[in-house]
Amino acid sequence: MKPPAKMSKPTSLFVIFFSLFIMSEAVFEDQVGKFDWRQQYVGKTLFAHFDSHSQSSNKLFLATDKNIFASFNSRTGDLLWRHVDKVGPEGTIDILVLHGQDALMVVGGGRLLRSWDTNMGGLNWEAVLDTGSFQAACFVAIQDTVKHVAVLKKAAISLHYLTNGHQKWVENLPDSDTVQYQAVYSGGEVEVYVLGVVPNSHLTIIAYSLEDGEIIKQRSVEAPWLSSVESSCVVIGQGVLMCVDPATLALYTLPIQAEEAPQFNQILLQVTPVQPRLEVSLGFQPVLVSSQPHPARSPISEFFLQLGPDHHVLLQLNADGYTIAALRDFQPAFLVSFATTGEKTVAVVMTPKNETLYVHAFLKKDDSVDYRVLVQTQDHALTFIQQPGRVVWTREEALADVVTMEMVDLPLTGTQAELEGEFGKKADGLFPMVLKRLSSQVILLQAWLAHLWKLFYEARKPHGQVKNEVTIETLSRDEFNLQKMMVMVTASGKLFGIDSKSGSILWKHYLENVQPNAVFKLIVQRTTAHFPHPPQCTLLIKDKDTGLASLHVFNPIFGRKSHIAPPALPRPILQSLLLPVIDQDYAKVLLLVDDQYKVTAFPSTKNVLQQLQEMASSIFFYLIRSDQGNLSGFRLRKDLSTERIWEVVLPTEVQKIVAVNGKRPNEHVHSQGRVMGDRSVLYKYLNPNLLAVVTESTDAHPERAFVGVFLVDGVTGRIIHEAVQRKARGPVHFVHSENWVVYEYWNTKSRRNEFSVLELFEGTELYNSTVFSSLDRPHLPQVLQQTYIFPSPITTMEATLTEKGITSRHLLVGLPSGAILSLPKMFLDPRRPEVVTEHSREENLIPYAPEMPIRTEWFINYNQTVARVKGIYTAPSGLESTCLVVAYGLDIYQTRVYPSKQFDVLKDDYDYVLISSVLFALFFATMISKRLAQVKLLNRAWR
Amino acid sequence: MLLHGRLSELCIFLQAMFVFACCFSDIESGPIATSGSVQPNGDRFKLEGRAIVPGVKTQDWISSARVTVEGEEYIGFMRTDGSFVVNDVPSGSYVVEVISPGYKFEAVRVDITSKGKMRARLVNFIKTSEVIRQPYPLQLRSSGPHTYFMKRETWGWTDFLMNPMVLMMVLPLLIIVLLPKVVNTNDPEMRKEMEQSMNMLNPNPELPDVSEFMTKLFSGSKSSSNKAVGGSKASGRPAVKRR
């Protein structure tokens, strides 16, 4: 038994060593919120309700287009809790209604009925509904108590108990293939009314008994003018159905409960006795707005009639049920809403400038009429307004759907620029240089003194008042370039400039006329490094269907649109590429390739065109046609036309191209090779033109499905390596960097996620150590591969990036739980040995283990989870050890990571007191011992 | 030694085969815990369970928790009493997890047959067919809050005494004084072992990873400058790393 024990000793020691090394990665508890922040969003509001359960409540409940049910504090706009459902149609919220403490929700197109306890934020019950698309739902009350909820589907109506969700009864609707049932109404009686319509023929009213779902009566009313109950009818007063006919401009009334053969009563708008005369704007479909304050009582008899986009009239149905009276005319008024508390009802009218959509009003005090309004605007901002028109808070919900982002360095301050300028200019003699040096030192001293004074001044103020407001004017680069401007592009077409240190929004710009299916690409054309010239970003907006694109050129620091006119792009754009060529104003050149393979340059000055002509023979680009399985490479000609030089076809019957990824252009690789245990060097294959192409099989059968990875040289089209993972399917997430590709897929056989790493090496000798050329590399690289089990699905993956690439790399993995795992690349090394040898130990290789560990200490965002992580953006900072990370999805989280610990600055827990006290102690000890030694010498001399 | 290793590997393999065979028979005829209730919409089933965080009121954690089935394939929410139901799940094998930013829960694999019979077992990604039964409806008990943070090292006299730097100074002294008296150094096997352990202590300076090299360089210079100061805390930590 002795020998195995001896063997295991070194390995266990080794594991301890590594765990020590990697353990130090985690966040310390006192660092929470020091350089990281999170912002939570919910998306565009579909339904909103105020908590009217108790008078003092400050809660607000929202259901959004991102399938989220959330509760907010209405005083501050802070999120109290939020429930994130599945993405896509299975999680869509069809309706949200509130009764007391219970919020009822129909989810997924009538799939589920959920009841939430709004106080705790937990689920009361969840009931599965019968199949069929959802139409309407309402509360049903008997004798002033709400006990049931009725759900109307395309072909059935069901009644559920509010307490436990159990179904009381379900009935099929008669003639559901011809009649479109669209509304359900209950006014507190023992009947539930279902309204259906056969377009342009007649209206059907069915009354169901509350007790057993029996049809009490069924009426059919002639209505050749009616096409939809949903869009043109409302119930007002004592159960009177009011419809509007846009063709004849007439209002029709009909008592729902009427007995024998009811008829619509027509009120022509033109000839009404009401003053002023009601006239509908040309081509406008009039809309009715009514309110039913309590499900146990009938709706109020006042209602709004919208006559034009900005014209509303408040009308009242008289007690006879046939005539109407105008109460007030509102023009201009875009938005209207009702709110009721107790016996009083408020009608709210709003005239914002260009805002549309939502108003929710509500009454606060018992006697005085008070209200609060929530406005959802077109640019996805959610604003909360108190009665005198005071904006209490605004939430930028557009940030719930960030599409792409960039981090831009902040500009230097005047003094910093001055100092930089000293080194940039040519020397003009010794004496002026010395003077300049001295003057800049004086400037620095001044700045330092001013800083000290400010510190002193602020220290005297009470603590609460010291608040450093970040504004664009005060923004400047910090010592280590850790504070940057985050430029975020959202799907709604709203651009944001966010300070990375505090997370405050410094500028926003709403691009109108952006199609909902547009794709965006953000390009930094000029950084802040070229001082008199402002930085410049270009946003390429492309319509996904037509491929037509437009450019938006702006200053990323201030968000202002640039004066530079972008080129007109009449043809669909296939590819855009940023060249390292710069024009006389230091802006990088953007090339846009259209569907006829013609190239447009931006900026396209004479200087640029000349440079392009000179460089044309060395400019290559590639195009992907995933629908044809085609990957082709092109070269630029001198006259800016293009020529196809290679083509790779991956037959679409077998597999489809899922993703193609090159390396990041701003990535630096510090070491050319790896020193192995026997002192030889294994050189990395660092091909800057390498593309990683990931394919998935079209056959989804678990036995035959596969995932393919091709490494293709983008210049020559040569396939460097091909790897096929059998019995695997996507979604494939991958990172391509340095000389490695890491990809993750689903293993269909073992039902688990697996990570695979490919590393490319040239071998122990470099072919050409000075420069890499794709055209002159005769030898194919050696490829090493290893695969590991990952015990969780992942949502996104990115690698850390640092200034010079000296720091070791980590992979940042977004998990569905919202955590972001920082996984050392050391774990994903295909040279990890199965059996530990002398050499592998010297190389610090971790012995191979099939399962990758996930440890909560490696979560860079501790409990600040980021829901639905969609992307992780990494940017280098001025410090080599530090990488800036932004994770975005539903939420935005910004932090810093130190993959090899903070080796270039003192740690923030550095113990100055201890060091200095020890120094002083030693200093005094030497003094004393010196004295003692002298005394001793003197004594010896006397002897 | 090598043979022994091989043999033990073989044993494990055989064991795995055995377990594999076992579970096959289990699927066919084994006792099935509870039959899931068949729902009206075809072959979709519901998955039930209950999660408990000992010593914490449900309202303090349920609003931020949810149940995920196989990533975000199916999602369920926590009821006010801590129980949960995931509706509309077709037959198959799924990893069910209660996700909460505050508390840790073990994941469970749930198998649903096409007839709606259910069983729960421990998740094992390496031996995927191994069956260690868990109760169904699921009973998930939190093992406490997540540990996200590292503890800061605080300075104390015991730390100073237990400092590797100090130990490294004291231990060699002991060895120099005591070892010649205890061990016979002429024994060749003993000498070989000592050489091996010496190799362990001094890893080669030419480390392949540049960053580690940098940190080593940095900490090395710092510790050498601090050596004069005496084994302070700052010099202590790099020493841990170097070992």
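Sequence lines set the chain letters: A, B, ... in the order given, protein chains first and strands last, and positions in each chain run from 1. The analysis underlying the following values was restricted to heavy atoms, covering all of them including side chains, and did not include hydrogens, waters or symmetry mates.
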Give, as side chain, backbone, both or neither, the part of Val84(A) having an atom under 4.5 angstrom from any heavy atom of chain B. both
So what's closer than 4.5 Å to chain A heavy atoms on Thr68(B): side chain, backbone, both or neither? neither
Do Thr128(B) and Arg751(A) have side chains that get closer than 4.5 Å, going by heavy atoms? no
Can you say whether Glu838(A) sits under 4.5 Å from chain B via the side chain, the backbone, both, or neither, judging by heavy atoms? side chain
Structural part of Pro793(A) lying under 4.5 Å from a heavy atom of chain B: side chain
Quick check for you: to the nearest 0.5 Å, what is the distance between Asn87(B) atom CG and Leu113(A) atom CG? 11.0 Å
Highest number of heavy-atom pairs under 4.5 Å with chain A: which of Ser93(B), Gly71(B), Gly92(B), Ser100(B)? Ser93(B)
Do Phe77(B) and Asp85(A) come within less than 4.5 Å of each other through their side chains, counting heavy atoms only? yes
Where does Thr865(A) contact chain B at under 4.5 Å (heavy atoms): side chain, backbone, both or neither? side chain
Using side-chain heavy atoms (C-beta onward) and a distance below 4.5 Å, is His146(B) in contact with Phe859(A)? no
How long is the span from the CG atom in Asp117(A) to the CD atom in Gln59(B), to the nearest 0.5 Å? 9.0 Å
Relative to each other, are the rings of Tyr148(B) and Tyr862(A) parallel, tilted or perpendicular (30° and 60° limits)? perpendicular
CD/Glu90(A) to OH/Tyr74(B) distance, rounded to the nearest 0.5 angstrom? 7.0 Å
Can you say whether Glu97(B) sits under 4.5 Å from chain A via the side chain, the backbone, both, or neither, judging by heavy atoms? neither
So how far is it from His83(A) NE2 to Ile75(B) CD1, rounded to the nearest 0.5 Å? 12.0 Å
Pick from Ile126(B), Val95(B), Thr58(B) with the largest number of heavy-atom pairs that fall under 4.5 Å of chain A: Ile126(B)
With rounding to the nearest 0.5 Å, note down the distance linking NZ in Lys46(B) to CD in Glu126(A). 9.5 Å
If you count heavy-atom pairs under 4.5 Å between each of Ile99(B), Thr80(B), Val123(B) and chain A, which one has the most? Thr80(B)
Ignoring hydrogens, what is the shortest heavy-atom contact between Arg109(B) and Ser750(A)? Give both atom names and the distance. NH2-O, 4.5 Å
Does Lys86(A) use its side chain to pair, donor to acceptor, with the backbone of Glu73(B) at less than 3.5 Å? yes
CZ (Phe125(B)) and CD (Glu754(A)) are apart, to the nearest 0.5 Å, by 10.5 Å
Arg82(A) portion near chain B, given a 4.5 angstrom heavy-atom threshold: backbone
Could you look at Arg66(B) and say if it's the side chain, the backbone, both or neither that has a heavy atom under 4.5 Å from chain A? side chain
Heavy-atom neighbours of Lys104(B) NZ exceed 12 at 6.0 Å: yes
Does atom CD of Glu851(A) have more than 12 heavy-atom neighbours from other groups under 6.0 Å away? yes
Under 4.5 Å to a heavy atom of chain B? For Pro791(A) that would be both
